[in-house]
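Quick one: structure below, then a few questions.
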Amino acid sequence: MNPILYIVVPCYNEKEVLPLTSEIFENKIKDLISCGKVSPQSQILFVNDGSRDTTWEIISDLCKKSNYMRGISLSRNRGHQNALLAGLMEAKSYADITISIDCDGQDDINAIDEMVDAYRGGAEIVYGVRADRKSDSFFKRTTAQGFYRFMNLLGSETVYNHADYRLLSTKVLNEFESFKEVNLFLRGLIPLVGFKSTCVYYERRARRAGESHYSFHKMLSLAFDGITSLSIKPIRIITALGVIVAILSFVGIIWSVVTALMGKTVAGWASVTCILCLLSGVQLVSLGVIGEYIGKIYLETKQRPRYIIAERTYKDED
Ligand code: UDP
Ligand code: MG
């Protein structure tokens, strides 16, 4: 039996690029069906992430015209990771395998063939990994590279140069469903599910149209989220820092008492100020990091839904 494949595509304000890439996706799925790699019931599932432009109208239109396309629309913008999760959880009930891909055509669609082959070869997770980053700007390339290194250094297990282009089997998704966190960082969480996995390498192109939604600020916050959702190493580092500073302070206290007893105390303004500055700096940063974790706990305890599906282009059960 050929597996039913769902290609899950999150879309946010993508009216320029959607008409171009939807055709590419459709041709791909038709190819895969005709060469017998996937079942004819395979579909492309667009997730409209509360777009402000005509993206949802375009998706609805596309779905009317094609038998290989479906769409769901979230009640508001929830961000790339949540939109992806919504799509994956939706697809899980219909598909044997899902492949998530961005709708801007940056990721090489031909890697899908290899991903499906790898699945047929026994892998439950197939990571799409960028072989090079020539198409990205120097700035994006260096920040992204630094990001992966930093993440792994701080103890979150991410696959180097892998974004959110990956194949997941329904088996993996069923297990992943019980990962209930609202601080979603899929590429760090999926490796935690386990199962047999492998990588497929591809070249990443420039966006076909439109602009990236990941500004420097958004990337930084994704990196920070990734680290604080997956690892408590920063807290450990702070604790270690605290111990070191405490030892130094202890030595400092002895030193000042001894010098005071020896009657050598002069107006030690500079040293006092330096120590004060150092300690208050360390304390504030530490409080900030710990606060970040408390913030995360606060968000997790609410257990709010991660997404709400407002509309579908098809009936729920068919
Ligand atoms: N996206 C989304 N919700 C958002 C932002 C982005 O669903 O709030 C989608 C977007 O439509 C695209 C994918 O996530 O399909 C990746 O976004 P983008 O291409 O802007 O990021 P980059 O490739 O520059 O990292
Ligand atoms: Mg992109």
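In this chain, residues are counted from 1 in sequence order. Being a predicted model, the structure only gives us computed values, none of them experimental. Atoms within each ligand, like the ligands themselves, are counted from 1 in listed order.
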Item checked: Heavy-atom pair with the smallest gap, counting every atom of Pro10 and Ile101 ->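 The answer is CD-O, 3.3 Å.
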
Notebook entry, point to check: In terms of atom number and element, which parts of ligand 1 are under 4.0 angstrom from non-hydrogen atoms of Gln106?
Noted result: 23 (O)

Check: Between the side chain of Asn13 and the main-chain N/O of Ser51, is any donor-acceptor distance below 3.5 Å?
Finding: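 No, Asn13 side chain to Ser51 backbone: no donor-acceptor pair under 3.5 Å.
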
Margin query: Just to confirm my output: which protein heavy-atom neighbour is closest to atom 19 (O) of ligand 1, and how far is it?
Written below: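 Sorting protein heavy atoms by distance from atom 19 (O) of ligand 1 puts Asp104 OD2, 2.6 Å first.
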
Notebook entry, point to check: Considering only protein heavy atoms, which is closest to atom 9 (C) of ligand 1, and at what distance to one decimal place?
Noted result: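 Going atom by atom, the protein heavy atom closest to atom 9 (C) of ligand 1 ends up being Pro10 O, 3.8 Å.
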
Note to self: Could you identify the single nearest non-hydrogen protein atom to atom 24 (O) of ligand 1 and state the distance to 0.1 Å?
What the structure shows: Ser212 OG, 2.5 Å

Margin query: We want to know whether Asp164 and Gln81 form a side-chain donor-acceptor pair, criterion being a heavy-atom distance below 3.5 angstrom.
Written below: yes

Checklist line | Salt-bridge criterion met for Lys296 and Glu300 (N-O under 4.0 Å) | finding: no

Notebook entry, point to check: Can you tell me which residue and heavy atom of the protein come closest to atom 1 (N) of ligand 1, and the distance to 0.1 Å?
Noted result: Tyr12 CB, 3.7 Å

Notebook entry, point to check: For the hydrophobic clusters of this structure (ILVMFWY residues joined by side-chain heavy atoms under 4.5 Å, transitively), does one cluster hold both Phe195 and Met89?
Noted result: yes

Next item on the list: Could you pull out all residues at least two apart from Asp107 that satisfy side chain to side chain donor-acceptor pair (under 3.5 Å)?
Entry: Tyr202, Arg204

Note to self: Give me the nearest non-hydrogen protein atom to atom 21 (O) of ligand 1 as residue plus atom name, then the distance to 0.1 Å.
What the structure shows: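 Among all protein heavy atoms, the one nearest atom 21 (O) of ligand 1 is Tyr214 CD1, 3.0 Å.
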
Check: Which class fits the ring pair Tyr314 and Tyr94: parallel under 30°, tilted 30 to 60°, perpendicular over 60°?
Finding: perpendicular

Margin query: Contact between Leu186 and Phe176 at the side-chain level, heavy atoms closer than 4.5 Å - yes or no?
Written below: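 Side chain of Leu186 against side chain of Phe176, heavy atoms only: contact under 4.5 Å found.
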
Note to self: Side chains of Arg70 and Tyr6: any donor to acceptor distance under 3.5 Å?
What the structure shows: yes

Checklist line | For atom 6 (C) of ligand 1, closest protein heavy-atom neighbour | finding: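 That would be His213 ND1, 3.8 Å.
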
Notebook entry, point to check: Is a salt bridge present between Lys92 and Glu177, judged by a nitrogen-to-oxygen distance below 4.0 Å?
Noted result: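 Yes.
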
Checklist line | His162 side chain near Cys199 side chain, heavy-atom distance below 4.5 Å | finding: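 No; the side chains remain at least 4.5 Å from each other.
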
Note to self: Strictly under 2.8 Å of the Mg ion (ligand 2): which protein N/O/S atoms qualify?
What the structure shows: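 You should have found Asp104 OD2, Gln106 OE1.
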
Note to self: Suppose I only count heavy atoms of Glu14 and a 4.0 Å limit; which atoms of ligand 1 are within that range?
What the structure shows: 10 (C), 11 (O), 12 (C), 15 (O)

Next item on the list: Heavy-atom distances under 4.0 Å are what count here, so tell me which part of Asn77 touches ligand 1: side chain, backbone, both or neither.
Entry: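 Answer for Asn77: side chain.
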
Next item on the list: Distance to 0.1 Å, residue and atom name: give those for the protein heavy atom nearest to atom 16 (C) of ligand 1.
Entry: Asp102 OD2, 3.3 Å

Next item on the list: Among all protein heavy atoms, pick the one closest to atom 18 (P) of ligand 1 and tell me residue, atom and distance.
Entry: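 Protein heavy atom at minimum distance: Arg207 NH2, 3.4 Å.
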
Notebook entry, point to check: Can Asp117 and Lys37 be counted as an ion pair, charged N to O under 4.0 angstrom?
Noted result: yes

Notebook entry, point to check: So is Cys103 polar-close to ligand 1, meaning N/O to N/O under 3.5 Å?
Noted result: yes

